[in-house]
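See structure below.
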Amino acid sequence: MDPSRALVGDLVGVLQFVLLAGILLRRRYRLCWSFAAYVLAVFVGDRLTRSWPVTFDTAAWWTTKEMLYGWLKVVVVSEIGLLTFARLQRAQRFLWRLLQGLVLLGLLAQLAPAAATHGLAIPWGSLARGQASVLCLLAAVVMLAARYQVPLHPYHRGVLVGFALYLFVYTSAIAVLRELGAPAYRIFLAMDPTAYAATMGLWIWTSWRRDPVPTPAARILHPWAYSS
Amino acid sequence: VIEAGVALAALALALGAMWWRDLRAHSGWDDLLAPDLPKLQEQIAAKFSAEEQLARWSGDHQFLAELLPGRLQLLRRLVIYERLIAGAAPPPGRLRTRLRVLRAGFHILARPTGGAEVLAALDEEAIESCRILALAAGHVRGN
């Protein structure tokens, strides 16, 4: 493994550890179980790649773990959406149908013909479509919450903002890589870990900070957050 | 590049919706779910409980049989009134208007006496106003 890549991997590993510690010690896992599972999966996946590069630093492993992370992101966004509308049953049912429809559209988008990927072993086009689909799901949840004037929990808000910014950079980096081929790999390697480290910083702040005092409406609309 | 474009659009929509929500600062839910609401709910529950006990002690079967339909009618009237008023409000403020009307309705329901009459009067007045508006609209269209 390239020494600079290993160094960046170790730095991101430290950030992931601090984030996991925040989620556990501040008991944030109660607010979104799937996000805790996602962070743990990313931490384990990255550690495997870093510790046994011969076995795990391969295109096949990278593609598999990215697909797993993609589905975990879908679960995180869905869980946050369903928790946000926990007390509004009709809106929750509508959101659930909307999410199902968008996931179906995302799967259908995978069937659309993709441009040639310059002989690369990783299906970049498919990955980019997957990330863009997750971002569309996220936008749907946020827009529906705005439509119903339902507040997002501060922790959920931090998680979603982090995902939104990172997924945009990640999708753009994949698009650049797909268009330019192997010569753009250095750009991808610079963009992706930097954006991910910045996202980790935001999530660490979100998980460690003290929540603002909730409004009476938030206490009633988010009983899962304030019940002991 | 299409994927990057879709991602940019989704990012703009998500951040835009959050920013728009922050600009408004005040949620319509805060009107309805204000600190006085639990107290109001307790008052309504106490009032309904007192009515039930009175019905049980009186042994008046007809009163007992009419108690639940009467309450349902009361709540139905509140919902009709709330929908009529919200229907007249512009779409962005519709939810807030509905919640404000419901909150006012809960205040009326919590009164020891007269809740049913006030709601019935409001209901009839709202229907009458709608009838007049519909007539006026027809008259304007006819001209």
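Nothing here was measured: the structure is a model prediction, and the numbers come from that model. The sequence lines fix the lettering, A, B, ..., with proteins before strands; numbering per chain opens at 1.
Between A/Ala139 and B/Ala10, the shortest heavy-atom distance links the atoms CB-O, 3.5 Å. B/Ala14 and A/Val142 get closest at one heavy-atom pair: O-CG1, 3.4 Å. Pairing each heavy atom of B/Ala4 with each of A/Ala175, the nearest pair is CB-CB, 4.1 Å. Minimum heavy-atom separation, A/Leu135 to B/Ala7: CD2-O, 3.3 Å.
Residue contact with chain A, scored on non-hydrogen atoms closer than 4.5 Å, involves the side chain of B/Leu15 exclusively. Both the backbone and the side chain of A/Leu165 come within less than 4.5 Å of a heavy atom of chain B. With a threshold of 4.5 angstrom between heavy atoms, A/Leu88 approaches chain B through side-chain atoms but not through N, CA, C or O.
Note on B/Leu11, B/Val6, B/Leu13: by heavy-atom pairs under 4.5 Å with chain A, the leading option is B/Leu11.
Under a cut-off of 6.0 angstrom, the local environment of CH2 in A/Trp224 is crowded, with over 12 non-hydrogen atoms contributed by other residues, nucleotides or ligands. When the shell of 6.0 Å around CD1 of B/Ile2 is examined, it contains 12 or fewer heavy atoms from other residues, nucleotides or ligands.
Note that the CD atom of A/Gln131 and the CD atom of B/Glu3 stand 11.0 Å from one another [nearest 0.5 Å].
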